[in-house]
Each structure stands twice: as structure tokens, then as C-alpha cells.
There are 2 protein chains.
Amino acid sequence: MKRVTIKDLSKYLALSTSTISRAFVDDKHIHPETKRIVLEGAQKLGYRPNPMALSLKYGKSKNIGFVVPEMTTPFSSTVLRGVQNVLYPLGYRVIIMQSDENPEIERKNLLLLEEFNVDGIIINLCHETFNQATYQQVMEKGIPMVFFDRIPPRTLDVSKVLVNDNIKASLMVEHLISIGRKRIVHLKGPSSIRNAEERASGYRRILTKHQLFDPQLLVEPQGMLFQHGRDAAKELIEKNIAFDSIFAFTDTLAIGAMNYLLEQGYRIPEQIAIASFSGTEMATIVHPPLSNVQQPLVEMGETAATLVMEKINNAVAPCQSVTLDAKLIYRSSTLGNPV
Amino acid sequence: MKRVTIKDLSKYLALSTSTISRAFVDDKHIHPETKRIVLEGAQKLGYRPNPMALSLKYGKSKNIGFVVPEMTTPFSSTVLRGVQNVLYPLGYRVIIMQSDENPEIERKNLLLLEEFNVDGIIINLCHETFNQATYQQVMEKGIPMVFFDRIPPRTLDVSKVLVNDNIKASLMVEHLISIGRKRIVHLKGPSSIRNAEERASGYRRILTKHQLFDPQLLVEPQGMLFQHGRDAAKELIEKNIAFDSIFAFTDTLAIGAMNYLLEQGYRIPEQIAIASFSGTEMATIVHPPLSNVQQPLVEMGETAATLVMEKINNAVAPCQSVTLDAKLIYRSSTLGNPV
DNA sequence: CAAAGTTAAGGGAACGATCCCAAAGTAACT
DNA sequence: AGTTACTTTGGGATCGTTCCCTTAACTTTG
């Protein structure tokens with residue numbers, strides 16, 4: 001019950017605490033035989049080092065904060081997997097905070113993490129334009145931050161992990177054109193999110209290039225939930241705006257829209273093809289499965305974790321920006337036949 | 001940059017550290033005026049107590065482990081929400097571990113959490129029959145555990161949060177019968193999970209009662225993923241076993257099966273009605289949306305967190321078993337018209 | 001007015017580990 | 001034999017807080 005400490009071991013083996021400690025930290029100033037004895041004794045008494053003592057001594061909690069807009073879609077949880085892959089073996093713990101797409105909650109989460117004494121923060125913003133002062137403030141307190149997916153404006157010099165949004169969005173739109181679609185709707189994300197602008201800009205560029213652009217087709221839903229995708233589709237139909245395909249900012253918006261259309265009896269993809277940008281498992285559990293731009297989510301998490309560790313191990317390490325490559329996956333929602 | 005400690009404050013105000021401390025812990029042995037001065041000084045210097053010092057002193061890390069089979073479906077993340085609701089305001093951190101439905105990983109996760117010095121563990125087992133010795137061992141080290149959803153066999157006296165699986169499964173099957181279905185398939189969960197048996201038993205009881213039971217209709221998929229639900233549906237079709245409805249152990253299995261049937265051109269619910277047991281958001285994002293037994297997930301998390309806190313605050317508190325009430329939600333997958 | 005009680009504040013040990021510094025022992029070389 | 005160098009071990013400060021134990025000043029009471 002009672003914790004076995006280095007002192008108990010010291011008494012038991014008639015050795016100083018210094019010597020015991022040396023056996024565990026691979027210090028060279030210890031006789032191999034002594035080390036063996038110590039390790040054996042530790043085994044016997046069931047000694048396990050107390051991480052809290054080190055936390056206090058070195059001012060490191062070995063906690064990393066992971067802040068995301070939500071955890072109900074598989075996006076964040078897949079990235080989390082990558083983060084854990086890297087951090088758990090290093091003895092770091094990961095603490096998750098959900099911001100509910102609400103900048104105010106996001107801000108509170110950051111302050112709470114600071115309170116919790118995390119050594120670093122990996123974050124996917126809810127809206128990029130709101131909490132810049134807070135990010136700055138947190139970093140000034142010596143807590144390194146790494147941003148992924150949604151990153152703050154360039155004015156902030158920070159480490160970040162992103163994908164080539166603009167290009168891949170373009171390619172997906174090209175794909176829709178290649179299967180003969182001419183009235184391509186874009187369900188855009190909020191303007192306060194850079195990726196939303198990037199993807200929309202890719203969309204716009206390609207449509208303009210093919211002389212297919214029509215401002216009526218560029219719609220911005222009220223939010224990022226299924227319901228918002230649904231409402232957007234409904235509005236298009238009710239306004240009698242003709243369209244033969246949809247390219248959505250995220251799987252969530254795409255699925256919301258698709259469900260409305262299916263309910264209304266539209267055939268997907270024959271009448272309306274649907275594609276999105278995300279790469280979550282959700283794209284494969286709906287029927288028909290969604291074509292989308294699949295981001296390397298696990299790798300994003302691993303990269304973000306690696307970047308934050310670099311910052312932790314070297315406070316003056318320069319900020320890095322890593323761009324990962326997203327893949328286009330074609331599924332039934334834009335093709336005639338099931339995969 | 002440098003942390004402001006109680007000592008800095010002590011020097012700055014020419015007061016002993018004891019007095020400073022007293023101002024923060026609401027000790028009565030301090031003059032109100034002195035207290036005011038201290039709090040003011042703390043504000044000015046930006047003093048914030050260091051939780052790590054307390055962790056060391058009291059041997060409490062203020063970390064709680066949250067172990068789940070997976071985080072990609074919204075089940076666990078919704079429960080997590082409830083857990084966080086309770087624990088974050090109390091200054092407790094939540095550390096998440098994913099077991100991937102693999103008892104070996106689950107075991108490693110538990111040992112890792114022990115290493116991480118958590119004060120308590122909230123867990124949803126992957127399979128109930130494998131790691132009992134480990135659970136016992138962890139609890140003997142003084143780390144309280146609370147189980148939810150999938151709980152260990154009765155031989156282990158532990159705190160747990162569950163729902164009335166058997167009854168609600170029965171009611172859902174009754175519902176299928178009430179809409180005229182006679183050939184009701186059950187996609188059962190693995191026998192190593194008690195809930196699976198409970199729900200299957202409810203199913204069996206009702207079918208038997210109505211003299212509709214046919215062992216051919218009780219199938220156990222190879223696993224718990226979408227793919228497994230899909231494969232199970234495929235096998236039924238290929239074996240030419242007639243059925244007009246499915247009641248699945250989880251949303252995941254139900255959706256997997258439904259997608260296969262939709263691909264094959266079956267009409268849901270006209271030809272085959274589908275219902276499940278879970279209560280995740282997934283049931284509402286597929287088309288048609290699924291009827292299911294909706295568990296109060298957030299409340300489950302809150303209850304589990306409350307139970308674990310009771311155990312932490314009082315090591316000899318008796319184990320409690322809380323049964324929450326699940327609700328039946330009828331959606332288009334068992335009714336003719338969309339909701 | 002002295003003894004006892006009350007109130008406010010200070011001193012210092014404790015939590016568990018690491019690591020700097022010192023000390024003792026041994027080996028090697030002039 | 002004496003100096004130097006190296007190896008191995010021990011002592012004790014340190015991290016930031018709380019809390020037990022004193023101490024000092026002031027108040028009450030017979």
C-alpha cells in the first residue's frame with residue numbers, strides 16, 4: 001500500500017540514496033556490481049520511481065495538452081492516435097480539451113491547461129481570428145504550442161502542421177469536372193478559418209478556369225455541423241438553384257447535405273455527385289461512401305507531437321511549418337459503381 | 001518567464017511563507033487585512049500555486065485515466081464529455097487510453113496509467129474475461145477503478161455504471177414485432193462481453209415468447225467493426241436466410257450491415273428494418289437514420305466520474321453499482337416516414 | 001494584576017528524486 | 001614515497017507547498 005521510496009531502498013541495502021539513484025539514471029559513476037544489487041533490491045521491494053518528485057524538481061509536468069474543436073467526429077480522435085503514438089512511449093501524458101467550436105471555451109481551455117502545468121500544447125483551432133492574444137500569452141509563459149489543421153494567421157510565428165489544402169481541393173474539383181459535372185456547389189467553411197478560404201480558393205480557381213464559376217453555387221453554411229450541411233442543401237433546392245454536384249469543406253457538411261438529398265429522393269451520384277475534404281472514417285460508413293481528400297491524420301498527430309517535443313527539449317528551437325501530402329480517394333459518391 | 005513562488009511573495013511582502021500559504025488555503029489563523037495584502041501582492045507578482053508541489057506532498061497526481069476500446073466512434077467521446085464535465089472543475093486532468101478492442105493493449109494501458117500515477121481509473125473494457133487479475137492488482141495498489149458500459153464479471157466487487165440492457169433490448173425487439181416483423185436477425189456482440197449476452201438474452205426471450213425464435217437468425221459477427229456488420233449481412237444474404245429486420249448489438253454493426261444491404265439494393269426499412277443499441281450520433285448521420293436504444297452517455301460519464309471521486313476522497317467507500325435508464329428512439333430505419 | 005486564553009505570525013520539516021560537491025579508496029607514474 | 005588521476009560512494013541542497021510547532025502580543029477574567 002505505502003509507496004516504496006528510494007529511502008526505503010537505501011535503508012534496506014545500506015547504501016546512500018545517491019547511489020540508488022545512480023543505478024536508475026545510468027550514471028557511469030557506479031560499480032556494475034552495485035548497480036546489479038540495487039536493481040535486484042528494487043525489484044524485490046517493488047520500488048518504482050515517483051514521477052511527481054521529478055516534476056517538482058525540474059518544473060516539468062510531462063503533460064501535453066491537446067485542444068480540439070470536438071471529439072465526436074473521428075477527425076480529432078485519429079490525430080490523437082498519432083499524438084499518443086509518439087508521446088506515450090516518452091512518458092508524456094496527453095490531456096484532451098474540447099472547445100465545441102467556441103472561441104470562448106477554447107480560451108478557457110488554454111488557461112486551464114496552463115493551470116494544469118502542461119509542458120506543451122497541440123491545438124486545432126476552432127476559429128483562427130479570435131484568440132491570438134491568448135496564444136501569444138501562453139507561449140510567452142514558456143509553453144510551446146504546435147498548431148495543426150487550422151492554424152493562426154501568419155502574423156504569429158509558430159510551429160504548424162498542415163496539408164496542401166488549395167492544391168488538393170483543386171484536384172478534387174477537377175475530378176468532379178472530369179466526370180462531367182458543370183454545376184458544382186461548394187459548401188464553404190467559415191471565413192474565420194484559413195483552410196476554408198484555401199479550399200474555397202482552389203475551388204474557385206478551377207471553376208473560373210473552366211468558365212463554370214457561378215457565385216450562387218458558393219454557399220457558406222451557418223456552421224460546421226451535420227445540420228448546417230443539411231440546411232444548406234435544403235436552401236439550394238428550395239431556391240431552385242440547379243446543381244449536379246457538391247464539394248464540401250468537411251465530411252460532416254457533405255454528409256449532412258447528402259442525407260437531405262437522399263431523403264428528397266435524389267440519386268447519389270447519378271443526379272448529384274458529392275465529394276468532401278477531411279479523410280475521416282465517416283466517409284466510408286455512409287451510403288454511398290464519399291469521395292474525399294484524405295488527410296494523413298495519424299501522421300499529422302505524430303508530426304505535431306514531434307514538433308512539440310523539439311520545442312520542449314530546446315526552448316529556442318526555431319518554429320517549423322510542415323506540410324503533409326493529402327490523397328484523393330474516389331468512392332461511389334462520385335463514381336457510378338461501388339468500390 | 002521564471003515562475004513566481006510563494007517564497008518570492010514572502011520576500012516581497014516581508015511575511016513568512018506560512019502566512020502566505022494561509023491566505024490561500026482559507027486558514028482562520030490569519031488576519032483579514034493580512035490576507036488582503038497577500039492576495040493583492042499575489043495578483044501583482046502573478047503568483048499561481050504550483051500543483052506539482054502538492055502532488056509530491058500529498059501523493060496525489062490529480063490525474064484520472066480514461067480507458068476505452070476506441071475513440072473513433074462517438075460513443076466514448078460522448079461519455080468523455082460527461083467525465084470532463086465533472087472532473088475539470090475539480091482540477092483533475094483526464095488521460096485517455098485506447099485499447100483497440102485488444103486485451104493485451106488494455107493491460108499495457110493500465111500499467112502505463114499506474115506508471116503515470118493516476119489517482120483513479122474510469123474504464124470501458126474491451127473484453128471482460130481477460131484482464132481480471134490486472135484490475136484486481138491495480139485496485140490493490142490503491143487506485144480506484146470505475147467500470148462503465150462493459151463491466152467485469154460479478155466475482156469482482158467494483159463500482160460500475162450501466163444501463164438496463166436486457167429490458168431495453170427486449171422493448172426494441174417488441175417494437176420490431178409491433179411493426180409486423182417476424183424474421184428478426186440479431187447481430188450479437190462477442191460472448192466475452194456481458195452486455196452482448198444481456199441484449200441477446202432480451203432478444204431471445206421476446207422472440208421465444210412470440211414463437212418467432214430461429215437460431216439461424218442469431219448471428220455473431222467476427223468482431224465489432226463496420227466491416228464485421230457488413231460481412232454478417234452478406235453471409236445471411238448469401239446463405240439465403242430470409243429476414244425482414246435486424247437488431248444489432250451496436251450502431252457500428254447495424255450501420256455496417258445496412259450499408260451492405262443498401263448496396264445490394266434492399267430498401268430500408270420497407271424490406272428490412274434496422275434497429276440497434278448504443279445511442280451515438282452515428283445513428284442520425286446515416287440514411288435512413290437508425291432507430292436505437294439511446295443510452296444517456298454524458299450522464300454515464302458524469303456518474304462514473306462522481307463514483308471515482310467518491311472512492312478517491314474516501315478509500316474505504318463501498319462499491320456502488322448505478323443503473324441508468326436508456327431510452328428507445330424510433331427513427332426512419334424502422335418506420336415508414338423520415339422523422 | 002497575574003494567570004490563562006486567544007489570535008496572528010514565523011520557523012522548519014516533510015514529500016521523493018537528482019545532482020553537485022566532497023571524501024575515501026585504489027591505481028599509476030615520477 | 002609522493003603526487004596525480006580516477007573510481008566509487010556519501011552528504012545535503014534543491015524544487016514549492018503545507019502544516020505542525022513555537023513564539024509573541026494582546027485580551028479576558030477572577
Side-chain angles (χ1 to χ4, degrees), chain A residues 1-42 45-63 91 114-119 141-142, chain B residues 1-42 45-63 91 114-119 141-142:
Chain A
M1 201 70 204
K2 174 84 177 54
R3 181 165 204 115
V4 179
T5 75
I6 223 170
K7 273 184 199 161
D8 302 325
L9 206 50
S10 140
K11 227 169 276 170
Y12 177 70
L13 296 172
L15 283 168
S16 75
T17 60
S18 321
T19 306
I20 311 284
S21 172
R22 273 189 275 260
F24 289 100
V25 291
D26 265 336
D27 193 309
K28 51 193 169 300
H29 301 294
I30 184 173
H31 193 93
E33 173 62 10
T34 316
K35 181 168 173 175
R36 198 188 54 74
I37 293 174
V38 171
L39 293 180
E40 225 165 59
L45 265 64
Y47 167 75
R48 294 268 287 279
N50 184 339
M52 296 184 280
L54 299 189
S55 286
L56 175 57
K57 190 166 169 65
Y58 297 115
K60 302 269 174 199
S61 66
K62 290 225 160 196
N63 287 332
E114 201 190 315
E115 196 93 20
F116 280 175
N117 240 278
V118 295
D119 295 341
K141 296 236 170 154
Chain B
M1 201 70 206
K2 175 82 177 54
R3 178 162 206 117
V4 179
T5 77
I6 224 170
K7 273 183 200 162
D8 301 325
L9 206 50
S10 139
K11 227 170 277 171
Y12 177 70
L13 297 172
L15 284 168
S16 75
T17 59
S18 320
T19 307
I20 311 285
S21 173
R22 271 190 277 261
F24 289 100
V25 291
D26 265 336
D27 193 307
K28 51 191 168 301
H29 300 293
I30 184 172
H31 194 93
E33 173 63 9
T34 317
K35 182 167 172 176
R36 198 188 53 74
I37 292 175
V38 171
L39 294 180
E40 223 166 61
L45 266 63
Y47 167 76
R48 294 268 286 278
N50 185 338
M52 295 185 279
L54 299 189
S55 287
L56 175 58
K57 191 164 169 66
Y58 297 115
K60 302 267 176 203
S61 66
K62 291 226 159 193
N63 287 331
E114 201 190 316
E115 196 93 22
F116 280 174
N117 240 277
V118 294
D119 294 341
K141 297 236 170 156

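Letters A, B, ... mirror the listed sequences (proteins, then strands); counts begin at 1. These numbers were taken from a predicted model, which means no experiment stands behind them.
Using a 4.0 Å cut-off between charged nitrogen and carboxylate oxygen, B/D26 and B/K35 count as a salt-bridge pair.
If you walk DNA chain D from 5' to 3' and mark each nucleotide with an atom closer than 4.0 Å to a heavy atom of chain B, the marks span D/dG16 to D/dC19.
In terms of position along DNA chain C, the nucleotide closest to B/K28 lies nearer the 5' end than the nucleotide closest to the other residue of the pair B/Y58 and B/K28. Mapping A/K57 and B/I6 onto DNA chain D via the closest heavy atom, the residue that lands nearer the 5' end is A/K57.
Here the OG1-CZ distance, from A/T17 to A/R22, works out to 9.0 Å after rounding to the nearest 0.5 Å. Within the model, atoms CG of B/D8 and CZ of B/R3 stand 10.5 Å from one another, a figure rounded to the nearest 0.5 Å. The NZ atom of A/K28 sits 12.5 Å away from atom CD1 of A/I30, with the distance rounded to the nearest 0.5 Å.
Between the NZ atom of A/K7 and the P atom of C/dA14 there is a distance of 7 Å, given to the nearest Å. Spacing between atom CD1 of A/I30 and atom P of C/dA24 amounts to 20 Å, rounded to whole angstrom units. Rounding to whole angstrom units, NZ of residue B/K60 and P of C/dG16 are separated by 13 Å. For the pair B/D27 CG and C/dA8 C1', the computed distance is 10 Å after rounding to whole Å.
Across residues 12-24 of chain A, A/S18, A/S21 each have a non-hydrogen atom less than 4.0 Å from an atom of DNA chain C (numbered order). Annotation: proximity of residues 45-55 of chain A to DNA chain C (heavy atom, distance under 4.0 Å) is found for A/Y47, A/R48, A/P49, A/N50, A/A53, A/L54, numbered in ascending order.
Distance alone, capped at 3.5 Å, places no donor-acceptor pair between the A/S55 side chain and the B/M52 backbone. In this structure, A/R36 contributes its side chain and A/H31 its backbone to no donor-acceptor pair below 3.5 Å.
Taking the ring centroids of B/Y12 and B/Y47, they lie at or beyond the 6.0 Å cut-off.
When all heavy atoms are compared, the tightest approach of B/G91 to A/F116 is O-CE2, 3.7 Å.
For the pair A/T5 and A/N50, the minimum side-chain heavy-atom distance is 4.5 Å or more. Contact check for B/K60 versus B/L54: no side-chain heavy atoms found under the 4.5 Å cut-off. Annotation: side chain of B/L45 is in contact with side chain of B/L9 (closest heavy-atom distance under 4.5 Å).
Within the nucleic acid shown, A/H29 comes within 4.0 Å of at least one base atom, counting heavy atoms only.
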